[in-house]
Amino acid sequence: MDGQFGWSLYLHIPFCATRCTYCAFNTYTDRHALLDEYVRALCAEIASFGALNRSIHTIYLGGGTPSLLRPFQLEQIISHVLINFTYSPILEITQELNPRDATEEYLHAIRKYVSRISLGMQSVNSSELQMFSRDHEHSHVIQAMKYARQAGFDNINLDLIYGTPSQALDMWRDSLQAALDLDPDHLSAYALSLENGTELKRRVTYKELPLPDPDLAADMYELASEMMEKAGFIQYEISNWAKPGKECLHNIQYWKNLPYLGMGAGAHGYVNQTRTVNVMKPEIYIERLKNPPPNPLPFPQTPATMTSEPIDRQTDMFETIFTGLRLLNEGLSLTAFEQRYGEKLDIKFADEIKRLTRLGLLWQDGDALKLTKSARLISNRVFQEFAIEEEA
Ligand code: SF4
C-alpha cells in the first residue's frame with residue numbers, strides 16, 4: 001500500500017520557553033542548552049535510513065516550539081532531508097511559530113526553507129492568554145502576520161482554542177473576529193481538552209476555575225463555522241478551515257491515513273503498516289543517536305525508536321474510516337477504500353452506514369461517504385459505530 005503514495009515527514013522540537021497550562025505535549029522548558037546537540041541528533045536520525053529513494057511531499061516542524069530553532073539550524077535540518085529523500089512536485093514545509101519569536105528578521109530568514117507557517121494565536125483576550133500562561137500578547141500576532149506577509153508567506157495558519165473555563169460566547173466571537181481581521185489563509189479551532197497532569201486540569205479539579213460547559217462549547221463551534229464560512233473559508237476538516245487551495249497537505253496525509261515518518265523525541269510514525277514511537281526525553285534521544293547500534297535496524301526503526309508495532313488490516317481499515325470521515329468536503333472515497341483494502345466499504349459496513357444515514361449523521365455524495373452537519377459535533381460517536389463491528 002505504501003508504495004502508491006508519497007510520504008510525509010514530521011519533525012518534533014521538544015523545547016518551549018514556558019509551559020502553557022493546557023499543554024500535555026512532549027516538551028520541556030528547562031533543557032534549551034540541549035538544542036544544538038538535539039539538532040545534530042535529529043539530523044543523524046534523518047540520515048539513519050541512508051539515502052532512501054522515497055518521495056517526501058510534506059514536512060511539518062512541530063513541537064514544542066520549532067521557532068526556537070535558529071535559521072542555520074533549520075537549514076541544517078532541511079538540507080539533511082533533501083540529501084536523504086527525494087521530492088514529488090507538491091511540496092509543503094510547515095513550521096509552527098510562537099508569535100513572540102516571529103520577528104521581521106526571523107521570518108525573512110526562514111522564508112528560504114519554509115513555505116507555510118502556523119502561529120499559536122489561541123485567543124485575542126489577554127486574560128485568557130494569561131490563564132493559559134502563553135508568553136505572547138495579541139500585538140505579537142498582529143506584528144507576526146504583517147512581517148510574514150512582507151517576507152512573502154502566502155500560506156499562514158492561526159490556531160485558536162475555545163471551550164475554555166470562564167470563556168463567554170462574546171469572548172470567543174472577539175477571538176474569531178480578531179483572527180479573521182488578520183486575513184489568514186487557514187484557521188484551526190480546537191476545543192480545549194483538559195488533559196491529566198496539566199495545570200489547567202488541576203485548577204479546574206480544585207475549583208479554582210469553572211468546568212467548561214460542553215453546550216456552550218458546541219455553540220462556539222457553530223459560531224466558528226458560521227463566521228468562517230461567511231468570511232470565505234471552507235471547513236474542509238472538523239476543526240480546520242482554509243481559503244480555497246490553502247488546505248494543509250501534511251495534515252491531509254494523516255486524515256487519509258497515509259504514510260509518514262516521525263522523527264525527534266516522542267515523535268510518532270506510520271509506514272509499512274507499522275506504527276513507531278520514539279523515546280520521549282531529549283537527553284535519551286541524543287544519547288541514542290550518538291551511540292547507535294552497530295547493525296542496521298529493520299526499517300522503519302531508527303536508533304531513537306522506543307516502540308514499533310505492526311498494524312493489522314482491521315485496525316488500519318478502522319483508522320482509515322475514522323480519519324477519512326473527518327474530511328468534511330472530500331469525505332471517504334468508496335473507490336479509494338476498495339482499491340486499498342479489496343473490500344467494499346458500503347457492503348462491509350452496510351448496517352452501520354444504513355443506521356447512521358437514517359439518523360441523519362452520514363450521507364453519500366457520489367463516490368464519497370460524508371458526515372452531515374449535525375454529525376460534526378458528535379463525530380466520535382459516529383466513528384465508534386464502525387468500531388463496534390470489530391468487537392462483535
Ligand atoms: S507552546 Fe505549545 S508545546 Fe509549548 S507549552 Fe505551549 S502548547 Fe505546549
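For this chain, numbers begin at 1 and follow the sequence in order. Every number for a ligand or one of its atoms is a count from 1 in the order of the listing.
A salt bridge does not link Asp316 with Arg275: none of the charged nitrogens is closer than 4.0 Å to a carboxylate oxygen.
Proximity of a side-chain donor or acceptor of Thr276 to a complementary backbone N or O of Thr305 within less than 3.5 Å is not detected.
For ligand 1, the atoms lying closer than 4.0 Å to a non-hydrogen atom of Arg134 are 1 (S), 6 (Fe). Near Thr18, meaning under 4.0 Å from any of its heavy atoms, are these atoms of ligand 1: 5 (S).
Both the sub-6.0 Å distance and the 45° axial angle are satisfied by Arg111 relative to the ring of Phe153.
Clustering of Ile, Leu, Val, Met, Phe, Trp and Tyr by side-chain heavy atoms under 4.5 Å joins Trp363 with none of the others. Cluster note: Ile347 groups with no other residue, as no ILVMFWY side-chain heavy atom lies under 4.5 Å from it. As a member of the Ile/Leu/Val/Met/Phe/Trp/Tyr network built from side-chain separations under 4.5 Å, Leu211 groups with Tyr22, Met131, Phe132, Ile161, Leu192, Leu194, Leu200, Val204, Leu209.
Under 2.8 Å from atom 8 (Fe) of ligand 1, one finds the following protein N/O/S atoms: Cys23 SG.
Between atom CD of residue Glu105 and atom CD1 of residue Ile110 there is a gap of 12.0 Å, rounded to the nearest 0.5 Å.
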